[in-house]
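Note: hydrogens, waters and symmetry copies are ignored here, and every other heavy atom, side chains too, is used.
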Amino acid sequence: MTHLVKIGNSHGIRIPKPLIEQAQLEGKDLQLQVVEGGLLITPKKGARAGWKEAIENTLKNHNKETLDQEWLSAPVSTDDD
């Protein structure tokens, strides 16, 4: 159980260490969002956080695209033709 404490002109809460560890919030910037009946605390993610891993997993799980050899070896048209 925790409660609000006054910190200057603001208020804060002390979150027990086991909850911080369980939610993997240690050392992270946090985002606060008002939800129905409460407050949701989540780690703040960068605009492209996780993209690299998602792309790598997609390529690994679906193989790399094969090149369209027919298109690549098509003759180049010139203005002389």
Interatomic spacing from CD in Gln22 to CD1 in Ile20 - rounded to 0.5 Å =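 Spacing of CD (Gln22) from CD1 (Ile20) equals 11.5 Å.
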Separation of His11 NE2 from His3 NE2 (nearest 0.5 Å) |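 The NE2 atom of His11 is 10.5 Å from NE2 of His3, to the nearest 0.5 Å.
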Do Lys6 side-chain atoms and Gly8 backbone N/O form a donor-acceptor pair below 3.5 Å?
->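 Yes; judged by distance alone, with no hydrogens or angles, the pair exists.
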More than 12 heavy atoms of other groups within 6.0 Å of Gln24 CD |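 Counting other residues, nucleotides and ligands, CD of Gln24 stays at 12 neighbours or fewer.
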Remaining members of the apolar cluster that contains Leu40, side-chain heavy atoms under 4.5 Å =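 So far as hydrophobic clustering goes, Leu40 is joined with Val35.
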When clusters are formed from ILVMFWY side-chain contacts under 4.5 Å, directly or step by step, what else is grouped with Ile7?
->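 Hydrophobic cluster check, Ile7: joined to Val5.
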By side-chain contact (heavy atoms from CB on, under 4.5 Å), which residues pair with Ile13, not counting sequence neighbours?
->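 Once residues adjacent in sequence are excluded, the partners of Ile13 under the side-chain contact (heavy atoms from CB on, under 4.5 Å) criterion are Thr2, Leu4, Ile15, Ile41.
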Quick one: side-chain contact (heavy atoms from CB on, under 4.5 Å) partners of Pro18, sequence neighbours excluded?
->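 For Pro18 the side-chain contact (heavy atoms from CB on, under 4.5 Å) partners, ignoring immediate neighbours, are Pro16.
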Do Leu59 and Trp51 belong together in a cluster built from hydrophobic side chains that touch within less than 4.5 Å?
->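 Result: no, two separate clusters.
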For Pro43 against Leu25, the heavy-atom pair lying closest together =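 Shortest heavy-atom contact: CD-CD2, 3.5 Å.
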